[in-house]
Amino acid sequence: MLQVQNIEKYYGSRNNVTRALDRVSFDVADGEFLVIMGASGSGKTTLLNCISTIDTVSAGKILMDGVNIADLSEDALAKFRRERLGFVFQDFNLLDTLTVEENIGLALALNHTDAKTVQERVREAAGKLGIADILSKFPYQISGGQKQRTACARAMVAGQSLLLADEPTGALDSKASKNLLEIMSAMNRDMKATILMVTHDAYSASYADRVLFLKDGRVFNELLRGDRGRAVFYHEILDVLAALGGDVSDVF
Amino acid sequence: MCWLRWEVMSVTYFKLSLRNARRQARDYLIYFVTMVMASALIYVFNGLAFSNEVRQLAQGLDSLPLVIVFASIVVVCIFGWLVSYSTRFMLTRRSRELGLYILCGITNNQVAQLFFLENLAAGVVSLFFGVALGGLLYQALRAVVMSLFGLPYRFALTLSVPSVLLTALYLSAIYLYALQKNRKLIRRMKIYDLIYYEKQNEDAVIQTGKGRRKLFLISIVSGVIGTCLLMTGGTAAGLIGAECIIFFLFGFFLSFASGVPAFFDRHPFRKYQGQNLLVFRTLTAKLATMGIAMAVISLIFTATLLTEGSGFMINGLTRSRAADNACFDLYLSAEGEKKDFTPYLVYIAENIPVEQSLLYRIFLSGSTQVMDYICEHTAHDNYEYDSDPVLRFSDYAMLRTMAGYPAVEPEPGKYLIHCKSFLEEPLRSYDGTLSLNGISLTAGSIHTEHLSQGFYDMTNGRDYILVIPDETADGLEIHHTAYAAKTAEPVTEAQLAVLSDMSDQDYDEETDPLGYVFVDTRANEENMAAMQILLLVFPLFYIALALTMTAAAILTIQQLSETDRYRRQFVLLRKLGMDQRDMARALRNQFAVYYTMPAVPAVLISVPFILKLCYQPEPGVMVGISSPAAVTAISLGVFFLIYGIYILLAYTSLKRNVLPKRFRK
Ligand SMILES: Nc1ncnc2c1ncn2[C@@H]1O[C@H](COP(=O)(O)OP(=O)(O)O)[C@@H](O)[C@H]1O
Ligand SMILES: [Mg+2]
């Protein structure tokens, strides 16, 4: 579904260049749950921003169903974002002026859906994520976990097929994290959503089908879960991290 | 299909905009009120310009619409800047929201369209309220104009359709300009910049550079030099000084954010003194993002003060001259004694109801002793008379009666002095003896009522005249002949025109170089003054008001937009154990410094200029309420009154919303 080919990303001016991504390549299959791991500053957010069209690459290609997203017209890009893409930020990015229900329905409402359908689909998504009873509250009235589930609901309510999540559990406590990860797992399993999640936390990563390790902007290693249980996979991830030189104590 | 989608979307977006507007009402209420006031201001002045009632007040007012249109264009530019700055500012404050919209699949073009709708709504609403408010304010202005022309005023609510249309036109110009500027911005917006706008901003605040620190030092030095140069008062030095100050403004506000931390690094003790740290960190964070705006605001304040100063100066000058020249309902004069006034007197007798009149002469004493004394003891030394002008006591007494002044006792053996009030003080110590026809006269009393003494050539002396017993005037050289009259009704413009025409036809430069008859009326002088004020002073204040409102509104929008951040900061500080009285003091200090900073250079630059301006006209005019000091004080007063209202509103709003609950009173 998604092919990332040799992308590079530079930041900064001529005399002070940061190379955030360095010839990164990988494919994401339909329905896959892929996690990208790496220490802080390794380029995870940059990678996700490039894929989500929030940012543009300096070199290389990102193909979506075989089409380079850099070649899309503004309208086609908008359609892509509208219909295919869901994004979950670390810091939620909910609009404080809107209720939970309105935050979730925003994408639908801003597009062509009629009011009744918007409401039905919001209810349905909220039910799946266990936030049906807080729909009329405002973001400042709910907990971090509830906020992140709201953001997830927003990212999937329009039936988006690709869910991008940038450290979605970064601001949550372990119980809320676990809850969110279970939900994402279920979305991947039951709704066939393709998930690309970025994290620096091995426990979160253990929910994936496959883990890519990023270091200094390069893909360093790859780990497939296969048929192993989550606990086993978790320890393997920790092993790779140790080899990577990451600070294991900081991971959990 | 596309249209349908647009419709659904715009409804949703409209709801969003409303929510947004309601939530931000606290921050932007002052901006909105300013825009309503702006519409009212434009409406009022255009209503004045295109009112038939006003135009019929005097013939010269035909040019009023032109003047107001010109001033309106200036005002449109000023408010255009306000709107484009504020909308851009609000746009950046909503950048995360807009970024999310685009991420949700809305195109930049659509965002631009929605933005257009929002502004359209804001413009229409401010036009509506502005015209309503303007309708009321217009009556106040009408009352002022009527009293200016000495006419009775009767309250009547009217709606000037041309003015409404013009106001709509100007407002659309303002909003379209702002829209045009911002549309480009929206078109070019990248999601990345939008979503990460706040983060980028934080980085910018932290940035400090060696260059900026140098700029900070240089600008401070330049500011000090500029102020010194301005104080020396020379024109050339003043100009260089002003340039230094302008450089200081931009340099200072651009580098303040990095200069202050550098200062504190070198003086760590100062940093932790009182609320210094809090106050200056807050300010530097603010100034880092609005350096140029601060400098521009300071320049706007300077322009405001200069405009107001000129306005009050012209106002004072005009009224003062008019008061002196408009002593007699009708006044004719001609050089020498040969001019035959008969045709004029016949016309007057037939057409103008005269109550009292006097045909009299101004003599020359043959000596310049008083003139010399005045030149020696005052700054004034420009007299066209060959010797001191003299008036007979009986004529003087009659002139006083006609002008409505109390009678003066004759003082045998003495000469009286009638002069402008500014000469009273120096002349009081003058005790020279006047010798006329072999009779010696000693100095008598001094009188200072207005008596047509000056602005024109052939009036009752220039600045002063000596009044002598009738018999001592025999044989003195005659300077000019004059006729003054008190009429039952003001002399009309038409009657004055007839008399002036007679004078023009009568005058033949070659055969009769002395024969020109000077004609003037009180009504004419008063009308001219009123007209000048209407044509010059009103537009100046129109512009000055727009300037003050714009600058004060921008400062206030900036300050109030920080409400949430301040609140979080104070909540944290309270947890850290900060005393609540200290919090209030820190807030107040921050406020004081923030609002004082742009005003100080403006005051420093404009005060010497206003004073200089007021010393330009002939002496004796800029006195009393129009004295240079008074004009300066009034200009500053008016400016700080409006500025103060904004500051007070901002402060109350911020205090209510920022300080922890228990502390509110
Ligand atoms: N806007 C930016 N300007 C300059 N450098 C940036 C910017 N964003 C990220 N970087 C740099 O790129 C590198 C990767 O950043 P990021 O993708 O945010 O890392 P991660 O999300 O893995 O912590 C870091 O070295 C960071 O400093
Ligand atoms: Mg990151």
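The analysis underlying the following values was restricted to heavy atoms, covering all of them including side chains, and did not include hydrogens, waters or symmetry mates. No experiment lies behind these values; they were computed from the predicted model shown. Reminder, nothing fancy here: chain letters follow the sequence lines and each chain counts from 1.
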CZ of B:Phe128: more than 12 outside heavy atoms within 6.0 angstrom? no

By a 4.5 Å heavy-atom criterion (distance strictly below it), what part of A:Phe89 contacts chain B: side chain, backbone, both, or neither? side chain

Kindly compute the distance separating CD1 (A:Ile54) from CG (B:Asp193), expressed to the nearest 0.5 Å. 11.5 Å

Cut-off 4.5 Å, heavy atoms of chain B, and the answer for A:Thr45 is side chain

Does A:Glu74 use its side chain to pair, donor to acceptor, with the backbone of B:Asn108 at less than 3.5 Å? yes

What is the distance from atom CD of B:Gln110 to atom CG of A:Asp75, rounded to the nearest 0.5 Å? 7.5 Å

What part of B:Leu103 gets within 4.5 angstrom of chain A, counting heavy atoms only: side chain, backbone, both, or neither? both

Hey, is CZ on B:Phe129 packed in by over 12 heavy atoms from elsewhere, all under 6.0 Å? no

Check this for me: A:Phe92, atom CZ, are more than 12 non-hydrogen atoms of other residues, nucleotides or ligands nearer than 6.0 Å? yes

Considering residues, nucleotides and ligands other than B:Leu120, do more than 12 of their heavy atoms fall under 6.0 Å from its CG? yes

Below 4.5 Å from any heavy atom of chain B, which atoms of A:Asn93 appear? Answer side chain, backbone, both or neither. both

State, to 0.1 Å, how close A:Thr53 and B:Ile191 come at their nearest heavy-atom pair, and which atoms those are. O-CD1, 3.8 Å

Indicate the atoms forming the closest heavy-atom contact of B:Arg96 with A:Leu94, along with that distance. NH2-O, 3.5 Å

Could you give the distance from CZ (A:Arg81) to CD1 (B:Ile106), rounded to the nearest 0.5 Å? 11.0 Å

